[in-house]
Amino acid sequence: QVQLVESGGGLVQPGGSLRLSCAASETIFDISAMAWYRQAPGKQRELVATIRSGGSTVYADSVKGRFTISRDNAKNTVALQMDSLKPEDTAVYYCNVGAYRRFERKAYDYWGQGTQVTVSS
């Protein structure tokens, strides 16, 4: 039973920085992509950043130039460096890992429990 655990959230002032980290309880094979999502109160969950198995990245327009997604395959972790934070970045951030098992011809989707990020003066 693979589990994902996020860490690094907290309270920060506008313009500050935070680094979120997501660790898997065990190695996940056949990963297709890793991603960070966020959900603010009363709003739908949105994709923040994705890094595909080949290393390519995609960012939401609202965070381009401020956030950076990275991975460490040897340690089974994915991180999100957040700089120049704004109040509108306040949300619960979730780690997501997608995998596709060719033999089973089945897709798997793993999620973390979420970590709170609050940007306020």
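- With sequence neighbours excluded, no residue satisfies side chain to side chain donor-acceptor pair (under 3.5 Å) with Tyr100.
- Linking Ile, Leu, Val, Met, Phe, Trp and Tyr whenever their side-chain heavy atoms come within less than 4.5 Å leaves Tyr37 and Ile31 in two separate clusters.
- Asp72 meets the side-chain contact (heavy atoms from CB on, under 4.5 Å) test with Ala74, Lys75, Thr77; sequence neighbours excluded.
- From Gln1, atom CD reaches atom OH of Tyr110 across 10.5 Å, with rounding to the nearest 0.5 Å.
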Does the pair Lys86 and Val119 meet the rule for a side-chain contact (heavy atoms from CB on, under 4.5 Å), with working shown?
-> CA-CA 6 Å; Lys86 304 175 181 179; Val119 184; 5.5 Å; no
Take Trp36 and Val78, measure what side-chain contact (heavy atoms from CB on, under 4.5 Å) needs, and give me the verdict at the end.
-> CA-CA 9 Å; Trp36 286 94; Val78 58; 3.9 Å; yes
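- Pairs passing the disulfide bond (SG atoms under 2.5 Å apart) check and including a residue from residues 41-81, sequence neighbours excluded, do not occur.
- For the side chain to side chain donor-acceptor pair (under 3.5 Å) test, residues two or more places apart in sequence or in another chain that qualify with Thr118 are Gln116.
- Checked against side-chain contact (heavy atoms from CB on, under 4.5 Å), Asn76 has the following partners two or more places apart in sequence or in another chain: Ala24, Thr27.
- Grouping the Ile, Leu, Val, Met, Phe, Trp and Tyr side chains by contacts below 4.5 angstrom, directly or via other members, places Ile28 with Ile69.
- Residues meeting the side-chain contact (heavy atoms from CB on, under 4.5 Å) test with Asp109, sequence neighbours left out: Asn96, Trp111.
- At least one donor-acceptor pair under 3.5 Å links the side chain of Ser32 to the backbone N or O of Gly98.
- Counting only residues at least two apart or in different chains, ring pair (Phe, Tyr, Trp, His ring centres under 6.0 Å) contacts with residues 48-96 are absent.
- Qualifying side-chain contact (heavy atoms from CB on, under 4.5 Å) partners for Ser70, counting only residues two or more places apart in sequence or in other chains: Arg19, Ala79.
- Residues Met34 and Val5 fall into different hydrophobic clusters, defined by Ile, Leu, Val, Met, Phe, Trp and Tyr side chains chained together at heavy-atom separations under 4.5 Å.
- The minimum heavy-atom distance between Ala35 and Thr50, with the atom names listed, is CB-OG1, 3.5 Å.
- Within the 4.5 Å cutoff, no side-chain heavy atoms of Glu26 are placed close to those of Gln3.
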Donor-acceptor pairs under 3.5 angstrom involving side-chain atoms of residues 6-16: please list them, not counting sequence neighbours.
| residue | atom | partner | partner atom | Å |
| --- | --- | --- | --- | --- |
| Glu6 | OE1 | Gln113 | N | 3.0 |
| Glu6 | OE1 | Gln113 | NE2 | 3.3 |
| Glu6 | OE1 | Gly114 | N | 2.9 |
| Glu6 | OE2 | Cys95 | N | 2.8 |
| Glu6 | OE2 | Gly114 | N | 3.2 |

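- For residues 97-106, the salt bridge (charged side-chain N to carboxylate O under 4.0 Å, His left out) pairs, not counting sequence neighbours, are Asp30-Arg101.
- Thr115 has its side chain within reach of Leu20: a pair of non-hydrogen atoms, C-beta onward, lies under 4.5 Å apart.
- In plain terms, the two heavy atoms of Leu85 and Leu18 that are nearest each other are CD1-N, 3.9 Å.
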Chi angles and distances behind the side-chain contact (heavy atoms from CB on, under 4.5 Å) call for Val97, Leu4 = CA-CA 9 Å; Val97 178; Leu4 302 180; 3.9 Å; yes
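- Applying the salt bridge (charged side-chain N to carboxylate O under 4.0 Å, His left out) test to every pair with at least one member in residues 33-54, sequence neighbours left out, gives these pairs: Arg38-Glu46, Arg38-Asp89.
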